[in-house]
Amino acid sequence: MSNFDDSDAFEAAAAPVPLSQRAMGVRPAPYLDELNPAQRDAVEALDGPVLLLAGAGTGKTRALTTRIAHLLNLGRARPGQILAVTFTNKAAREMKNRIGRLLGEMVEGMPWLGTFHSISVKILRRHAELIGDGALHLKPSFTILDTDDQVRLLKQLIQAENIDEKRWPARQLAHLIDGWKNRCLSPAKLPQGEERAFDGRGGRLYAAYQRRLLELNAVDFGDLLMHCVNLFQAHPDVLRGWQDRFRYILVDEYQDTNTAQYMWLRLLAQAHRNICCVGDDDQSIYGWRGAEVGNILRFESDFPGAQVIRLEQNYRSTPHILAAASGLIAANKGRLGKTLWTEAEEGERVRLIGHWDSEAEARWIGEEIEAFHGGHRHSVGRRSLNDIAILVRASHQMRAFEDRFMTIGLPYRVIGGPRFYERQEIRDAMAYFRLAVSPTDDLAFERIVNVPKRGLGDKAVQKIQVEARERGLSLLEGAASAVATGAIGGKGAGALRQFTEAMGRWHADALDSRVNHVELAERILDESGYTAMWQNDKNPDAPGRLDNLKELVKALEEFENLQGFLEHVALVMDNDKGEQSEEVSIMTLHAAKGLEYPIVFLPGWEDGLFPSQRSMDESGMKGLEEERRLAYVGITRGEELVTISFAGNRRMYGQWQSSLPSRFIDELPEDHVEVLTPPGLYGGGYGAAAQPFAQSVMHERAARADVYNSPGWKRMQERSAQRAQPVHRTPVVIDAEPAARFSVGDRVFHQKFGNGTIMGIAEDTLTIQFPTGFKTVKAGYVQPSSGGGALDDVPF
DNA sequence: AATATGCTAGTTTTT
DNA sequence: CTAGCATATT
C-alpha cells in the first residue's frame, strides 16, 4: 500500500532539501560501528558512481540498507528522493524491513524502493498518454498482462496470419518478443534480419502484437521497461523531472540486469551520476533470460571515475567451502575478481561421492539426512531438517528425492515450483474478478466464458468476436448483443445470457462501495458455478484447488476492494509460505540464489546434466561459464557442510543412460575435497563411483592451466564427433510419401530445428541430431536437406 | 461441443 | 516415460 502514497508532488521533489532540514538531519550514526572497513567504505562513499562487488555471504544487503539509512540520516535526501531497485518483490520487502529496523519509525516508507517493474508501472501511469502514437495511446488505467495472456494473444495473431501453429508455437514467439523487449528493441528498431525470425514474420507479428496491446490498453512485463526507456528518450523534459527527483540511485543484483534495465538506469543516472550498483559477476546465472554480465563488467568504463569497493569478508561459510568454490570459479575468464576470506573455523572439507545410479544417490542422501537429523553424526551434531537443502540443476531431478523421501517418511518441501497465482483455478477466479471490475477485459472474458462448461465452443466464441468487432463492442457486450439479436441460438444462448446478466450485476456490485468485496468474490465464484465445477470434479487434486480458492478469497481481506487486489497481484506474483514445520528443502540452484543453509547437498554433477548439455550447445563457452557460476552459487549456499554427488546411471525419458562425472568435479581443488566411498562398494577404488574421480583428480593439476583443454572437455568433443558419424545406412521408405526416403546419416531440414543429421530410424520416427541437440521427430516433419546432403540428387 | 486419441518435447524463472 | 497440447472422433 505504502507503495502508492507518494506524497511529494512531482515538481516539489525537484526543489533542494531545505538547509534547516539538512542541519536537523545530522545525527550520530551508531550503525557505522557495526560494519567492517569495506562495508563502511561502501556506506560512506555516497557521491558519484560506485560499484560494490559483493561476494556471496559478505553482507551485501546490510551494506545497501545501511547506505540508505545513512543518506537519510545525513539529510542528503528525503525518502522520496532515493531510488532503490531490486529484481524481486522479496528482496524489496526485505530491504524495506531492514531500513525500518535501522531507523526505527522515523522514516515514512520509501516510495521508490521496489522492483524495476513496479517502479516502471508508477512512472508509466503518470505518462501513459505519451506511449503510442497520436491516434492510439495508453491510458493511465492500463492493465498488465501475465505470460499466459501474452501467449493467448499471440496465438490469436498467429492464427489470423494462417501460420501453422505446430511449427511456429506462440510460446516461441513470446520468447522472441521478450528477447527483443529485453534489449529495448521496439518493432521499428529491429535490426536487419531479426525481423525475419519466426518464419519471416516475426517483425510483422511483433508490430501487430504491440498494436493489439495498445487497443486493449494493456502492456506486458517487457513493455514496462521498454516503454519507460522510450518515454525517457522521446521526452527529455519528462526524463529531466525524474532525474531531478531521484538524487541517489541504488541497484541490487546488478549482474542480473538486462539491456533494457541498463538503459533505464543509465538514463536516470546520467545527470548526477549518484548511482551505486551492487552485484557479483560470479553469481550471474540469468544470461538465458536476457541478463548481461557485460553490464557489471563494463561498469567502470560506463561510469568513468567510478569507485569499486569489494566486499570480501565472508560471514557464511567455512574456509574449506570457500576454497572449493573459489577454486572452481577461478576457471572462468574475464572476471572482475575477488578473494573471499573468513575468520570461521576450518570445518569439514567438501565431500564428494559417486553412486551407481540416481536412485542410489537419492537413497544415500536420504540416509545422510536421517543421520544428521537423528544426531548420529557427531561432527555436525543434531540438526533440524530446516537446516538442510538439496539443490538440483533441473527440476526433474527432484522427483527421485520426492519418491525416496515419501517412502521413508522424511518431510520435505519443494521451493519454487508452480506459484500460487499461476495455478489454473486461481487464474480462472481472477479472470472472473477482472471482468467484474472491468467488463472490457476481453482476455479475461475469453478465459472464462466457457469455464465452467456452458456449451459455448470455438464456434460460439467466434460469433461473439464477429459481433463485437462489427459493432465496436467489448466481447462481453458483444455476447449480450449476440444473444439479443439471435446470432447465437440453441443451448448456448440461455447459458450465455445468464452469464452476461450475472456479470452485469457483479460489475455493479464491484463499483458499489457498500458491497463488501470479499463477499462479492465468494458470490461470483458460487453463482458462476465455478466452485461447483471443482466440487463435482472427481480428480484427486480437486479438493486442493478448492482450498486454493478459499485462500484466494481470504487474501482479498487485506485489500480495500477488488481493484486494489488485482493491481497488486499483477506485479506481486510471489507467495512465500512461511516455514512452519521441520522439512528438508528441495529446490533448483537458481531458486537457491540468496539463500543459505548449514548443510547442502548438490546431487547430479554429471556432464550433460550439470553442466547442462543444452547450455553448452546453445551458448558454448559462455554457457559453460554460466553453468560454472551456477556451481559456484550452489557451493556458496553452504555454511558448514557441502556434499557433491554424481550418479553413473540416470533414468532419462524412461531410459537408463550412463554418464560421466561433471567436469566441474575435475576443477575442485583437491585439498578441500574429501572423497567418500559409498556403502556397498567394498574396498573402494573401483566401480562407477570412486574410480573415475580418482583418475580425474590425477589429471586435475595439469588441467588447471586451461580447463577448456582438459580431458573432460576433449572427451566430450570427441564423443559428440563420434555420434555425428553414424555407420549404418539403412534406406527406409515412408509410406505414402514416395520422395521421403531417409537413411541414417542423411542431412535433413526441419522447420523449427533447422538442419540436422539422422541418427536413428524406427518406423516413421527419426532420431535426429540438430545443432540444439537430439530430437525425435516424425518423418513427415522433415525434408531432405538442400545443402550438401547425400541425397541432393533425389527428385523432390 | 465434449471427449478420446495421438503426438511431441523434454533446463534454469521473475516480473 | 509422461504431461500437455492438437487433432480426430462421437
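Numbers restart at 1 for each chain; the letters A, B, ... are given by sequence-line order, proteins then strands.
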Could you check whether [X] gets within reach of a base, just the sugar-phosphate, or nothing at all, counting any heavy atom under 4.0 Å?
{"X": "R393(A)", "value": "base"}
{"X": "Y653(A)", "value": "base"}
{"X": "D220(A)", "value": "nothing"}
{"X": "E627(A)", "value": "base"}
{"X": "T588(A)", "value": "sugar-phosphate"}

Q. In whole angstrom, what separates M587(A)'s CE from dT13(B)'s C1'?
A.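 Taking atom C1' of dT13(B) as the reference, CE of M587(A) is at 15 Å.
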
Q) L124(A) CG to dT15(B) C1': how many Å, rounded? A)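 So the CG-C1' distance, L124(A) to dT15(B), works out to 14 Å.
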
Assess the side chains of [X] and [Y]: does a donor N or O sit below 3.5 Å from an acceptor N or O?
{"X": "D458(A)", "Y": "Q462(A)", "result": "no"}
{"X": "N548(A)", "Y": "E425(A)", "result": "yes"}
{"X": "Q465(A)", "Y": "E467(A)", "result": "no"}

Q: Report yes if the ring of F87(A) lies under 5.5 Å from the six-membered base ring of dT14(B) with planes under 30°, and no otherwise.
A: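 No.
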
Polar-atom pairs under 3.5 Å, protein N or O versus N or O of nucleotides 2-5 of chain B: list them with distances, or write none.
from	atom 1	to	atom 2	distance (Å)
dA2(B)	OP1	G455(A)	N	3.3
dA2(B)	OP2	N450(A)	ND2	3.3

**Q.** Whichever of F116(A) and A394(A) has its nearest DNA chain B nucleotide further upstream toward 5'
**A.**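 Here A394(A) is the residue nearer the 5' end.
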
Q) If you find the nucleotide of DNA chain B closest to A460(A) and the one closest to M652(A), which residue's nucleotide is nearer the 5' end? A) A460(A)

Q: Assert yes or no for the condition that the ring centre distance of Y412(A) to F401(A) is strictly below 6.0 Å.
A: no

(Q) Filter on salt bridge (Lys or Arg N to Asp or Glu O under 4.0 Å), then keep only pairs touching residues 448-457 of chain A, sequence neighbours left out; what's left? (A) none

Q: Applying ring-ring contact (aromatic ring centres under 6.0 Å, His included), name anything that partners Y632(A), two or more places apart in sequence or on another chain.
A: none

Q: Mind checking ring-ring contact (aromatic ring centres under 6.0 Å, His included) for Y286(A) and listing every partner two or more places apart, or none if nothing turns up?
A: W288(A), H590(A)

**Q.** Steps toward side chain to side chain contact (heavy atoms under 4.5 Å, CB included) verdict (Q283(A), E253(A))
**A.** CA-CA 9 Å; Q283(A) 292 189 66; E253(A) 305 279 19; 5.8 Å; no

Q) Parallel, tilted or perpendicular: which fits the ring planes of F559(A) and H568(A), with parallel below 30° and perpendicular above 60°? A) tilted

Q. Would you say the base of dT11(B) and the side-chain of S395(A) have a donor-acceptor pair closer than 3.5 Å?
A.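 Answer no: no donor N or O sits under 3.5 Å from an acceptor.
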
Q) Can you give the first and last nucleotides of DNA chain C, 5' to 3', that have an atom under 4.0 Å from a heavy atom of chain A? A) dC1(C) to dA6(C)

Q.
I need the residues from residues 179-186 of chain A with at least one non-hydrogen atom less than 4.0 Å from DNA chain B; give them sorted by number, or say none.
A. none

Q: Mind listing the closest non-hydrogen atom pair of R628(A) and L328(A) along with its distance?
A: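 So the two residues come closest at CD-O, 3.2 Å.
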
Q: In whole angstrom, give me the gap between the P atoms of dC5(C) and dT12(B).
A: 16 Å

Q. CZ of F420(A) to CG of L552(A): how many Å apart, nearest 0.5 Å?
A.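 Rounded to the nearest 0.5 Å, the CZ-CG separation comes to 5.5 Å.
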
